[in-house]
Amino acid sequence: MTDCIFCKIAAKDIPSDTVYEDGEMLCFKDIRPAAPVHLLLIPKAHFDSLAHAKAEHEALLGKMMLKVPQIAEAAGLTNGFKTVINTGKGGGQEVFHLHIHIMGTPS
Ligand code: AMP
Ligand code: ZN
(Lines give C-alpha, C1' and ligand atoms only; values in the text may rest on other atoms or scores of the structure.)
(Ligands and ions follow the chains in the order given, each with its own letter.)
Protein backbone atom coordinates (compact mmCIF):
# COMPACT_ATOMS: atom_id res chain seq x y z
CA MET A 1 0.00 0.00 0.00
CA THR A 2 1.82 3.12 -1.26
CA ASP A 3 0.62 5.55 1.38
CA CYS A 4 1.33 3.29 4.35
CA ILE A 5 4.10 4.49 6.65
CA PHE A 6 4.97 0.97 7.84
CA CYS A 7 5.17 -0.30 4.24
CA LYS A 8 7.61 2.55 3.64
CA ILE A 9 9.61 1.50 6.70
CA ALA A 10 9.60 -2.13 5.50
CA ALA A 11 10.83 -0.93 2.09
CA LYS A 12 13.51 1.26 3.78
CA ASP A 13 12.03 4.37 2.17
CA ILE A 14 11.64 5.74 5.70
CA PRO A 15 14.42 5.01 8.21
CA SER A 16 13.74 3.06 11.36
CA ASP A 17 15.80 1.85 14.29
CA THR A 18 15.60 -1.82 13.34
CA VAL A 19 16.29 -4.49 15.95
CA TYR A 20 15.24 -7.59 13.97
CA GLU A 21 14.56 -8.41 10.34
CA ASP A 22 14.00 -11.48 8.22
CA GLY A 23 12.30 -12.11 4.90
CA GLU A 24 8.80 -11.78 6.30
CA MET A 25 8.92 -9.38 9.22
CA LEU A 26 10.66 -6.34 10.66
CA CYS A 27 10.94 -5.10 14.23
CA PHE A 28 11.91 -1.53 15.05
CA LYS A 29 11.81 0.94 17.92
CA ASP A 30 8.60 2.92 18.39
CA ILE A 31 9.26 6.59 17.65
CA ARG A 32 7.18 7.65 20.70
CA PRO A 33 8.08 5.03 23.29
CA ALA A 34 5.53 4.37 26.02
CA ALA A 35 7.99 2.18 27.97
CA PRO A 36 11.79 1.99 28.38
CA VAL A 37 11.74 -0.65 25.63
CA HIS A 38 8.96 -0.18 23.06
CA LEU A 39 9.24 -2.11 19.82
CA LEU A 40 6.89 -2.69 16.91
CA LEU A 41 6.89 -5.99 15.02
CA ILE A 42 5.32 -5.79 11.56
CA PRO A 43 4.84 -8.18 8.66
CA LYS A 44 6.57 -6.86 5.53
CA ALA A 45 3.45 -7.66 3.53
CA HIS A 46 0.68 -5.17 4.17
CA PHE A 47 -2.61 -5.96 5.77
CA ASP A 48 -4.58 -3.40 7.71
CA SER A 49 -5.21 -5.04 11.05
CA LEU A 50 -5.89 -8.27 12.89
CA ALA A 51 -9.50 -7.88 11.77
CA HIS A 52 -8.25 -8.09 8.17
CA ALA A 53 -6.15 -11.24 8.70
CA LYS A 54 -7.07 -14.11 6.40
CA ALA A 55 -6.32 -17.82 6.37
CA GLU A 56 -3.29 -17.09 4.18
CA HIS A 57 -1.78 -15.10 7.07
CA GLU A 58 -2.04 -17.95 9.58
CA ALA A 59 1.54 -19.20 9.27
CA LEU A 60 2.99 -15.67 9.23
CA LEU A 61 1.08 -14.66 12.36
CA GLY A 62 2.26 -17.82 14.10
CA LYS A 63 5.87 -17.07 13.17
CA MET A 64 5.52 -13.50 14.42
CA MET A 65 4.08 -14.66 17.75
CA LEU A 66 6.93 -17.12 18.22
CA LYS A 67 9.45 -14.40 17.35
CA VAL A 68 8.11 -11.98 19.98
CA PRO A 69 9.73 -13.62 23.05
CA GLN A 70 13.04 -13.99 21.20
CA ILE A 71 13.04 -10.29 20.31
CA ALA A 72 11.98 -9.37 23.85
CA GLU A 73 14.79 -11.40 25.38
CA ALA A 74 17.34 -9.90 22.99
CA ALA A 75 16.10 -6.44 24.08
CA GLY A 76 16.77 -7.30 27.71
CA LEU A 77 13.18 -7.99 28.72
CA THR A 78 14.14 -11.16 30.54
CA ASN A 79 11.66 -10.62 33.39
CA GLY A 80 8.61 -10.35 31.15
CA PHE A 81 7.04 -7.99 28.68
CA LYS A 82 3.71 -6.67 27.41
CA THR A 83 2.31 -7.23 23.92
CA VAL A 84 -0.49 -5.10 22.47
CA ILE A 85 -2.27 -5.29 19.12
CA ASN A 86 -4.58 -2.31 18.69
CA THR A 87 -7.28 -3.18 16.18
CA GLY A 88 -9.48 -0.62 14.47
CA LYS A 89 -10.22 2.97 15.43
CA GLY A 90 -12.18 1.81 18.47
CA GLY A 91 -9.20 -0.27 19.53
CA GLY A 92 -6.87 2.71 19.43
CA GLN A 93 -5.19 1.77 16.15
CA GLU A 94 -3.53 4.75 14.45
CA VAL A 95 -1.36 3.05 11.83
CA PHE A 96 -3.37 0.68 9.67
CA HIS A 97 -0.65 -1.87 8.94
CA LEU A 98 -0.79 -4.74 11.41
CA HIS A 99 1.78 -4.37 14.19
CA ILE A 100 2.51 -5.94 17.55
CA HIS A 101 3.70 -3.61 20.30
CA ILE A 102 6.37 -5.19 22.52
CA MET A 103 6.94 -3.18 25.70
CA GLY A 104 8.77 -3.53 28.96
CA THR A 105 11.58 -2.57 31.27
CA PRO A 106 14.92 -4.36 31.04
CA SER A 107 15.75 -6.26 34.22
P1 AMP B 1 -1.15 2.08 17.03
O2 AMP B 1 -1.86 3.11 17.85
O3 AMP B 1 -1.26 0.70 17.62
O4 AMP B 1 -1.55 2.14 15.57
O5 AMP B 1 0.38 2.41 17.15
C6 AMP B 1 1.11 3.07 16.17
C7 AMP B 1 2.48 3.30 16.74
O8 AMP B 1 3.36 3.62 15.67
C9 AMP B 1 2.57 4.46 17.74
O10 AMP B 1 3.05 3.93 19.00
C11 AMP B 1 3.57 5.41 17.10
O12 AMP B 1 4.41 6.01 18.05
C13 AMP B 1 4.32 4.50 16.15
N14 AMP B 1 4.91 5.15 15.00
C15 AMP B 1 4.31 5.97 14.11
N16 AMP B 1 5.18 6.36 13.16
C17 AMP B 1 6.35 5.74 13.44
C18 AMP B 1 7.64 5.73 12.82
N19 AMP B 1 7.90 6.43 11.70
N20 AMP B 1 8.63 5.00 13.39
C21 AMP B 1 8.38 4.30 14.51
N22 AMP B 1 7.19 4.25 15.14
C23 AMP B 1 6.20 4.98 14.61
ZN1 ZN C 1 1.51 -1.14 5.04
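FYI, side chains are in, hydrogens and waters are out, and symmetry mates aren't considered; it's all heavy atoms of this structure. All residue numbers refer to positions in the sequence shown, counting from 1. Remember, predicted model here, so these are calculated numbers, not experimental data. Atoms within each ligand, like the ligands themselves, are counted from 1 in listed order.
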Show me which atoms of ligand 1 lie under 4.0 Å from any heavy atom of Asn86. 1 (P), 2 (O), 3 (O)
Check each of Ile31, Ile9, Ile5 against atom 22 (N) of ligand 1 and report the one with the nearest heavy atom. Ile31
Considering only heavy atoms from C-beta outward, does the side chain of Ser49 approach that of Gln93 to under 4.5 Å? yes
Atoms of ligand 1 less than 4.0 Å from Leu40 heavy atoms? 8 (O), 13 (C), 22 (N)
Ligand 1 to Lys29, heavy atom cutoff 4.0 Å, flagged ligand atoms 21 (C)
SG (Cys7) to the Zn ion (ligand 2) to ND1 (His46), nearest 10°, is 110°
In this structure, the Zn ion (ligand 2) sits at the vertex of an angle between SG of Cys4 and ND1 of His97 that rounds to 10° as 110°
Below 4.0 Å from ligand 1: does a non-hydrogen atom of Phe6 turn up there or not? yes
Counting each atom of ligand 1 from 1 as listed, which ones have a heavy atom of Arg32 under 4.0 Å away? 11 (C), 12 (O)
Closer than 4.0 Å to some heavy atom of Glu94 - which atoms of ligand 1 meet that? 1 (P), 2 (O), 4 (O)
Contact check: Gln93 vs ligand 1, nitrogen or oxygen atoms, below 3.5 angstrom: no
If you have a sec, work out which protein heavy atom is nearest atom 1 (P) of ligand 1 and how many Å separate them, to one decimal? His99 NE2, 3.1 Å
If you measure every N/O of His38 against every N/O of ligand 1, is any gap under 3.5 Å? no
